[in-house]
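What follows is a set of notes on a single structure, which appears directly below.
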Amino acid sequence: MAKELSSREDNYSQWYTDLVTKADLAENSAVRGCMVIKPYGYAIWERMQAALDKMFKDTGHENAYFPLFIPKSFFSKEASHVEGFAKECAVVTHYRLKNDENGKGIVVDEDAKLEEELIVRPTSETIIWDTYRTWIQSYRDLPLLINQWANVVRWEMRTRLFLRTTEFLWQEGHTAHSTMEEAVAEAEQMLRIYAEFAEDWMAMPVLQGVKSPNERFAGAVETYCIEALMQDGKALQAGTSHFLGQNFAKAFDVKFLSKENKLEYVWATSWGVSTRLMGALVMSHSDNSGLVLPPKLASVQVVIIPIYKNQEQFDAISQKALEIKKSLEARNIRVKYDNRDTHKPGFKFTEWEFKGVPLRIAIGPRDLENQTVEIARRDTLEKEVLQMTGIDLKVENLLGQIQKNLFQKALDFRNMNTFKIDSWSDFTEQIEKGGFLLAHWDGTPETEQKIKDETKATIRLIPIESDPKPGLCVYTGKPSKQRVYFARAY
RNA sequence: CGGGAUGUAGCGCAGCCCGGUAGCGCGCGUCGUUCGGGACGACGAGGCCGCAGGUUCAAAUCCUGUCAUCCCGACCA
């Protein structure tokens, strides 16, 4: 295989790109900024989808699908929404091609110009709220709890596999409620679901809070977010949930008749996570030996590798290996028996390690004799020899331990890289080293902007605290209600 | 859109200054020996040297144009 992986310490961003491409998660495509998600990567995304989808359904949401194209006029109905997205929209202007008269191949047929241009959705609020108008008349139609799995396009200047691509996959929930309180509760509930998913499934600890006005979603009243810390000390926004107030209801005239027979605008939320989570997953746990996947999301949880010198040995070992495979599968463990005769064991060890498979079982002639197997953990790279009997239970326990250990390691890392900062000189010094900086802020967008201009750090989130401790702004010295998290971010 | 760089085999690169018709490593194929941490040997397949012009007896190499990609900045889940 000869997969040369750049080291995490020497060149973090190259290390990340190497991992994604060499572990066969994704690759760049012929279309600038767009990626091909390969089977091994897509399998992980499918597991993420399945887990999230269940969580959405369990909280009363239903899936639906809305169009890829949005009429330009819809788009401009909510002022701050257009402003936020206008600079990164792909626009469809024609609907036909023709052969060039000068023989220069296929060209756009100028006669086939659209009356009204179509925007390729960067997000679907507008088309969805235009539709909701016809669905909602009475308080009895509420709440309306819809999610869609879709692709969206945002024309980014610079792209990176999974973290920022021109087209990406995501889910977007769009809900309508009769009261403000209910809508806020929905936005908060979905944030908790995202946090639970990140921590329980991805083994990635996240902070929860709200965005400052500068970082708020275009068209939202309040943006809630989860933020994770990557191994290079940069923060990554992993999911957002928005309380949209009545902004879209007013823009698209979505009213309902209340119990009191009064016509009112509905209250809205929207929330989403994307294939960016794949990037977060890679950067949270992986090391210089390659990918490290949490067992709950790994498409292969255990790989069994035979070690043999001849056909006779191979047959005997295969028989055992398949027995073990069966016993593991009976416990719903996903197992691959790598019986390829074209590669040596050492090669396979390295390859599966690189691909992040949580556990490896090796079986050789010695094991057959002693009724043992060699088992290796990807997270610690530790090996031990175990009795074959009861291996299924042992593996199940180990997978659970690995899942926990990955979370704990990531949490320890975040704790060690979160700093309370009280002076501007400490701030400027620490931000160079990375991590979350917990500091006081005077609450003004101007100060946030100045801090960003001087240090490239932004407010990642404002914690929701029952008992906020006031202090003095780290930059201006003016009064501050509470500490907020600053970091450089992806 | 500004600054820098690069386009040569599937991938990574050398050759270019000093023109003479293409080479290395990995990978790929066949056969044999191997197999408890990235195996070895033999043979073999694979390239209009990004594209278009020009100079020249002759261009991967020199000149002009063009396209594409990557890195650094302004934008962002």
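Lettering follows sequence order; numbering is per chain, from 1.
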If I pick the [atom1] atom on [M] and the same atom on [N], what distance separates them, to the nearest angstrom?
N	M	atom1	result
B/rU69	B/rG12	C1'	16 Å
B/rA45	B/rU64	C1'	38 Å
B/rG19	B/rC49	C1'	14 Å
B/rG46	B/rG10	P	12 Å
B/rC35	B/rG44	P	28 Å

Select base, sugar-phosphate, or nothing to describe what [X] touches, counting heavy atoms under 4.0 Å on all strands.
X	answer
A/Phe217	nothing
A/Leu236	nothing
A/Pro365	base
A/Asp367	base
A/Glu374	base
A/Ser274	base
A/Arg360	base

### Task
Kindly say whether the aromatic ring centers of A/Phe427 and A/Phe486 come within a distance under 6.0 Å.
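Yes, they do, as the ring centres are separated by less than 6.0 Å.
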Considering every strand shown, what is the Watson-Crick or G-U wobble mate of [N] when both distances are under 3.5 Å?
N	result
B/rG20	B/rC57
B/rG10	B/rC26
B/rG36	none
B/rA45	none
B/rC1	B/rG73

### Row check, A/Phe349 ring normal vs A/Arg360 NZ/CZ: under 6.0 Å, within 45°
yes
### Message
With a 4.0 Å cutoff (strictly under), does any side-chain N or O of A/Arg154 reach OP1 or OP2 of B/rA77?
### Response
no
### Query
Hey, does the side chain of A/Lys344 come within less than 4.0 Å of B/rG36's phosphate (OP1/OP2), counting only N and O?
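Yes, such a contact exists.
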### Message
Ignoring hydrogens and geometry beyond distance, is the side chain of A/Lys383 in donor-acceptor contact with the base of B/rG37 at under 3.5 Å?
### Response
yes
### Task
Return yes if the base of B/rG38 and the side-chain atoms of A/Glu351 contain a donor-acceptor N/O pair under 3.5 Å, otherwise no.
no
### Query
How are the rings of A/Phe252 and A/Phe248 set relative to one another: parallel (under 30°), tilted (30 to 60°) or perpendicular (over 60°)?
parallel
### Task
Measure up the A/Tyr132 and A/Phe66 rings against each other and bin them: parallel (under 30°), tilted (30 to 60°), perpendicular (over 60°).
perpendicular
### Query
For RNA chain B, whose closest nucleotide is more 5', that of A/Val373 or that of A/Thr159?
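Result of the comparison: A/Val373.
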#### Entry: Option passing salt bridge (charged side-chain N to carboxylate O under 4.0 Å, His left out) with A/Glu323 (candidates A/Lys320, A/Lys325, A/Lys326)
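Only one of A/Lys320, A/Lys325, A/Lys326 forms a salt bridge (charged side-chain N to carboxylate O under 4.0 Å, His left out) with A/Glu323, namely A/Lys320.
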